[in-house]
Amino acid sequence: MADLAVRNDPHVRPRLVEGDPSLHQVTEAVSSIIETRTPYSWWIAIAITASIAGVLKLCLGWLVYNGIGVWGNNQPIAWAWDITNFVFWIGIGHAGTLISAILFLFRQKWRTSINRFAEAMTLFAVACAGIFPLFHTGRPWRAYWLFPVPNTDLYMWPNFRSPLVWDVFAVSTYATVSALFWYVGLVPDLATIRDRAKTKGRKIAYGVLSLGWRGSARHWRNYEMAYLVLAGISTPLVLSVHSVVSFDFAASLLPGWHTTIFPPYFVAGAIFSGFAMVVTLMVVARWVFKVEHLVTMKHLENMNKIMLATGTVVGYAYASEFFIAWYSGNPYEKFTFLNRAFGPYWWAYTLMVSCNVISPQFFWFKKLRTSIPFMFVISLVVNVGMWFERFVIIGTSLHRDFMPSAWGYYHPTIIDMLTFFGTFGLFLTLFLLFLRFLPMIAVSEVKGMMATQKMHDAHLEAVAQAVEH
Amino acid sequence: MALIFPKTIDQYVRIGGALVAVMALGGIGAYVYFSHPLVADTGYSPVQPVPYSHKLHAGTLGIDCYYCHNTVFKAAHAAIPATETCMNCHVRVKPQSARLEKVRNSYATGEPIPWIQIHKLPDYVYFNHSAHINAGVSCVSCHGRIDQMMEVKQVKPLNMGFCLDCHRNPAPNLRPVEFVTKLGWQPDRDPEEMGREIIAAKHINPPTNCSGCHR
Amino acid sequence: MIQIKTKQTGKKYWRSLDQLAQTPAFMEWLHREFPSSAEEVIDGASRRNVLKLMAASFGLAGLTACRRPVEHILPNVKGVEDYIPGKPYFYATAMVHNGVAQGLLAEVNDGRPTKIEGNPEHPFSLGAANVFQQAAILGLYDPDRARSPRQDGKDVDWKVLDDALKTLSGSLGQGDGLRFLSESVTSPSFAAVQAAALAKFPKAKWIQYDAISQDEVRAGSQLAFGQQLVVRPRFDKAKVILALDSDFLGLDADTVLSVKEFSRGRKVAAETDEMSRLYVVESRFSTTGATADHRIKMRASEIKAFVSDLAAALKVGGNELKVVGQGDKKSKWIEAVAKDLGANRGKGLVVAGPRQPAAVHAMVHLINQALGNAGETVTYYKSTLEQTRPQLEAIAELAGELSKGQVSTLVILGGNPAYSAPVDLDLAANIKKVATSIYVGLDVDETAVACKWSIAEAHFLESWGDALAPDGTATIQQPMIAPLYYGRTQAEIVAALTGYKDQRPYDIVRNYWTAKFAKGDADKLWRHALHDGVIPNTTFAEVKPVVDAKKVNGAIQPAAQSASGMELVFTPNWATWDGRFANNGWLQEIPEPMSKITWDNAALVSPATAKQLGLSTHGWMVKGYKATDTEGHSDPTQAGNFVDMIQIEVDGRTLEAPVFVQPGQADGSITLALGYGRTECGHVAKGAGVNAYKLRTSKAPWIVADAKVSKIAKQYQIVQTQEHGTMEDRPLLRESTLAEYRKEPNVIKEMLEVPELVGLYGDWDYSKGNQWGMTIDLNACVGCNACTIACQAENNIPIVGKDQVNRGREMHWIRMDRYFVGDEEEPQAVMSPVPCMQCETAPCENVCPVAATTHSPEGLNDMAYNRCVGTRYCSNNCPYKVRRFNFLAWNYGTPEVEMMKFNPDVTVRMRGVMEKCTYCVQRIQETKIQAKLEGHRPIKDGEIQTACQQTCPADAIVFGNINDPNSGVSKLKKQKRNYGMLEELNTKPRTTYLAKLRNTNEELEAKHG
Amino acid sequence: MHTNTPELRDKTIYGVVAEFDQPSKLVAAGRVVHHEHGYTKLDAISPFPVHGIDDAIGVPRSILGYIIFCCGSIGFISVASLIYWAGGISYKLVIGGKPLFAWEPSIPPIFEGTILFSAFAAVFGMFAINKLPQFYHPVFNYERFGVATDDRYLLVVEASDPKFDIVDTQRLLESLGAKHTEVVEA
């Protein structure tokens, strides 16, 4: 009765955990996933993804053996799918940190159910992204020259004016910090798994991983401080990473690249694609692992709202690029953008706009926003669109720049395609391992969130009873 | 709950951690040492087909480097002498010596003597002997005291850093041209100061940009 | 002396490579680097995977930085007098091209000729060389060259051949049934051997035949003057030039002199300077047409009518023909040109191309005489080596004799006639009927296969010889290296066969000349001749002939025009000439100047004709981002360069050829280049183009009046280095008219309005010391590609093959840009080489993450290959797109012998690194060091020449110190014509351009550009 | 009947553990034990950070923040000086006509360096202060320790506490609503 009153009260947020489970049930729900016997379906899945990752390995081997020529890159399109894939994956890698850091700072309680998942995704996406800057070099075995390695031999240092060196700093920092952030979050949950472990092997394995965590109040004290600071520094970090990636283009003088709008535009795009990927994976995972009550429609809907917002920002960026191209009166700029939209790559451009700007607009409607199959499809569409956004930016700007005599066109080779395809294999393989061996939901955080919610409810009940009298 | 780890575990963990740290540092140290040009690039001293002793010829007998390596003042390459050059003397000096057999054969058959190259720069480096010699850089600066070596050995690393050190501050390695082949020569005054004078006199301004050596 | 030296050192090098290739170190390395050893380093489509993998010393040396395989030094055994290892030497020689010789210098590094330059002493080179001469180096080291004598297709020992020749020469008797077939004999000493042979065998015959023959020219002079004369136009003296189907700046130029002299007349320093005017009438859009101030396209077969109308307009001779059946435009044109020529009596010049019939040439002589140009702008010589007999007639007779079996012994000396002779003579088959057929040639080609015996010929860089320049100036051809495969010269073989007094080529040449020299100091004169590359007082006698106007006017009466059928015109081509250079990768990959096609020939048709034939048309005038233009032409970038194919039929014989739509091509006229579609050839030539000789009969060797043409249901992918034809109204290559430039000299600069350009930081100080810079004069450049090949040879630039060019990976450091301007009806074109601009604020440098490309204190944009990791970011950020990336291991495939071409002063780049023009920094460094050794003297202006500058026949490229106000380059940069390409980006390019000026005739100006 | 003798305490007993089923009860109990009875050597163990427990049992403020700040500053300075030294001192190369060192292009690397150092400080600093990894701890001897990482809350009173007495302390805790109490040995 009173309960009902509360539920119907518009001022009360819908619950982030449904069915009002006990803390123990939460622990069960999450832990049991990795404690039960490995299902055959998992073996089959990882067999497939691992072999796809194998394809990636072969492609890279062939690439290193023969040279960049096995890809379709040419003059003038010296960067093509390689950097496109890099930016694509890096972009996807942004949702995780965003959720764990920024939403944390904004005290967005709903993040707790999905942040672990998203952080894992971040790590694996960054791992895939990292492949390309390394292997797109003509002599990968010399790529360490991009790092400021002290050397007694050459007396040479990287050129710190180059956006690529900024990239090296940004991406490596981002990968490291995300990994730390992720692990710190894992420690208490690993302790939980440790204490539930039955076999000696698991006991030792999780015992070592959890570093002997025991949830002492003193630990929690420092822990929360560390977590807060990590969130605090990760927020500017995550924004800086994609800004720096955008500098690769913005800092050049190529029409279509040399644009001040790039940093915010890229960050928005990154968040956009990142959330799309989270939705794609989450929709599947929550269904497979029966955690719908922990990852509720509320979570998904919020993510869809964010996609709607960022998608619209991206659309605005596309529009303003055109406006500036016209308004600047720079003939090269003007040409580049007309060429983008109506030139040889018109199809890529059209695809990009329809996927990234139009498709998310459906999320204005709550009905669609809360329809699992629909959001799944849209999230896939958005991922496609965002890949094409990067290709359009790189490809169409390069293939026709200042000198018509040097214009060209780009045809991907089979190696190009298989390499990109292979990265998905790597990504999913890592993901399956994560789902198998680590708690996919931040148990302790969820519990903490539930506890506060319970207090909140208790308070409301009191109020409700007061009203009844 | 049954303990997973015994009471004593933590001290072992600490000891283990300490060991790992020490080994890591040691590894890095070893790498730096063994990869350092001074260690890695020096000391190469293969056995030559003919047991020719620079110590004897250049040192004891005091034959000028220029007598055999006769192109150093004119050309980029310091020519390896033709067999003929050896025979100039050895038709009379020790004409029967067994150790000179290969030389005599070469002279007779026209088959060159396969000397083994010791001082070798990568093929993307373009070093010009004449430019350095005429500026007053002595052979000794890069080759060491050849005149004291029975078998020639690389004593200078000859890596890019080595070149740059001198190109940035040539003064210590400069001397009047007439002494460049006098490996043991010591100036009677402060070499630095003398070097600076030579630099001023010859407007010596060694390049430190890439195309100075790489083309 | 020289021969001995080169032989010795040459062999040394050779031997040392062999040894290196066998060292365990190398073998181990080879296997470590290429587990699959020989095959497939590069993807299948590349032409290189068929050559086996033998990357010997260079790859090895490149690795010694990290590993240390034992490397041997192999000194000479006997010291060689004043020879310094590693120092290049230059020797004078000459190359015969298109029937005349041009003096050259060959750079020899440790016994390996590595680079060809023009001989400044030689009157027909003046230091310049053309593409064919530049590429001769690669021809010398062509791994597919014939390596030994062959009997019935099997290699045999030289001994066997010598015996065979001895027995044969004994059995020749009076020489009946003995026939010699050679190309035009241009060597006096060889002519002596020839004469001796014919004297010894009176019944024998000697036939001379060139695929690209000058028959019509000779006949023309015979007709006009009643005697054969060498015509020597002097383009520098002419104020008004009319070229009738004459590509005298391109394919019809026998030496580079015509370009040299013409460009002299086009140099404009001050606004007040005079400048010659060039009218061109032609069917194919040639580089000459592109250079012209006024050009109209016209079917080659209508030139005859045109010239007679012109004569009429000029009131020349008795000819009173009225201008009939001529379009208004054309008659206007004729009037204007006639007026101009008339106004410039003695300062005008009319020239006709070798494809035009004798009558046209005769009439041209008549006009030149009537206008008083003869003796002024054109002079005539009496050749000592004249050919009285028309070549076609001679070879036709030979073919007859062969088919009737009247020939017992046929000696073919070069020229590959089995491939290039008129198809109706069916020479290849007829040769087989001969009992003893001997072929002397460089390659195992179609003729070699047809003959019983084929003998490996010595390359001209391997052999002693001599030859005459157009005006008779003689040059001794001396070898730079001993014959790599022990090949023989033609003279040597004939001498052996006919028992000539001298047998060794050296004696044949030397004795011939020393006999001519004054007794006493013959030796001295001989040495001088060798040193200078020119033998003094050997020019032909100049004559002042009179034209028989009556005969000429009689001959010119135009036959009834068969305007109905499609006209087919044959031309030589820029890559293989008449087919002889087909296996030369440098030439195959050089883009044809107007169409930019590489590795192929194609039937050139005009857009209108293409439409008429229902062919898909690539619009090279398509503008902007649109996929097609208003005419519906598709942009080739978007069409993927797949073109339709047509079938051409000429009296019964058919040929399928890809079509290429070329603006400026005369409507109803197809141009098809000879020299492609070789069947018996090396790896490079395989599959390149279609064989136009299959349509070329002795009846119509140049112009087929009515060929039947039909579209066929096939497509073909042609490959170009430049796919977009228009400049998109961007002020990249700027041009104006002389008149306008005189009115408003700032017109060039005003083509671009830029706000004041300010950098975020102050500028670097380049005010001290040598500061290198370059100017490129668009007014002089004729787009001949010589610079590109010179650069390729100087800087060890690899060949990538058709497939890789198609992928956009050609490596040329200095590319030739060609843009069409004006209307599509009568388009003009502007061409210019584009090297690295050496920007002072180079965008490429900022973005390189490892500082592999940085700036030198002398303003060079250095590129350290060994530092490059290959991110290709620099290329993306280069607005001129002049950086080139080693997408694959272009050099690993290089066969051993071909590696002798490498310039030891330039790094051979490995796979995965970026490369680019460096202003030939190796030459700069050499000179700077030389100057230091000579007491730190300043470097003289012009002392350093970049490879492109040195060989440029038009002297369009000038390089030097821009800090020195008196240097040539600074003076040019002060001109009002001077501008920096894309300077609005504030890149501060060191390479700037001098805008093109067209000296237009205002009467025609009004009508069209 | 134990008596509260020091020897006994030091040798064998670590302390008393009391188990609660509500965070609120834990906090309440902690407050009573600490503030009213003046126990000082206390610890609370919970599956998630329980708010208010810190002041309840008197856990001092964390010093982690200062550590992080210092390391962050070190990161800033070291990267900035690296760039300055590499381009401006070690090898002066003219690149694109730009000055040998300028702040604008150096900002991104410096920023990232600062972040990286701070992050390391935050994580490893936290582990250090918490003395992790520590694979053995007496509270693990608590029979039902597993529940502490699931849904129960433990209050630990160490034997080293001067006011500690096995009997009294245990009683006290039970009186505060502990579901279960137990003495754990060291």
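For clarity, every value in this text was computed on a predicted model and none was experimentally measured. To find a chain, count down the sequence lines: A is the first, B the second, and so on, and within it residues start at 1. The figures that follow rest on heavy atoms only: side chains count, while hydrogens, waters and symmetry mates do not.
In terms of modelled atom types and a separation under 3.5 Å, the side chain of Trp157(A) and the main chain of Ser90(D) share no donor-acceptor contact. Between the side chain of Arg221(A) and the main chain of Pro49(D), no donor-acceptor pair closer than 3.5 Å is present. Using a distance-only test at 3.5 Å, with no hydrogens or angles considered, no donor-acceptor pair links the side chain of His24(A) to the main chain of Asp151(D). Distance alone, capped at 3.5 Å, places no donor-acceptor pair between the Arg218(A) side chain and the Val59(D) backbone. Of the possible donor and acceptor atoms, one in the side chain of Trp166(A) sits under 3.5 Å from a partner among the backbone N and O of Pro105(D). At distances below 3.5 Å, at least one donor-acceptor pair connects side-chain atoms of Thr192(A) with backbone N or O atoms of Thr149(D).
If you measure heavy-atom distances from Ile115(D) to chain A, the contacts under 4.5 Å come from both the backbone and the side chain. Looking at Ala44(D), the atoms closer than 4.5 Å to chain A (heavy atoms on both sides) sit in the backbone and in the side chain alike. Phe69(D) does not touch chain A: none of its heavy atoms, backbone or side chain, sits under 4.5 Å away. Contact annotation for Pro158(A): neither backbone nor side-chain heavy atoms come within less than 4.5 Å of a heavy atom of chain D. Using a 4.5 Å cut-off between heavy atoms, Val79(D) contacts chain A through its side chain alone, with no backbone atom that close. Of the atoms belonging to Tyr136(D), not a single heavy atom falls under 4.5 Å from chain A. For chain A, the nearby parts of Arg61(D) are the backbone and the side chain; heavy atoms of each come within less than 4.5 Å.
Ranked by non-hydrogen atom pairs under 4.5 Å with chain A, the options Leu42(D), Leu64(D), Asp150(D) are led by Asp150(D). Contact tally against chain A (heavy-atom pairs below 4.5 Å) for Val139(D), Ile53(D), Leu82(D): the top residue is Leu82(D).
Side-chain contact between Phe120(D) and Leu180(A) is present, with heavy atoms from C-beta onward closer than 4.5 Å.
In this structure, NE2 on His219(A) lies 4.0 Å from CG on Asn130(D), to the nearest 0.5 angstrom.
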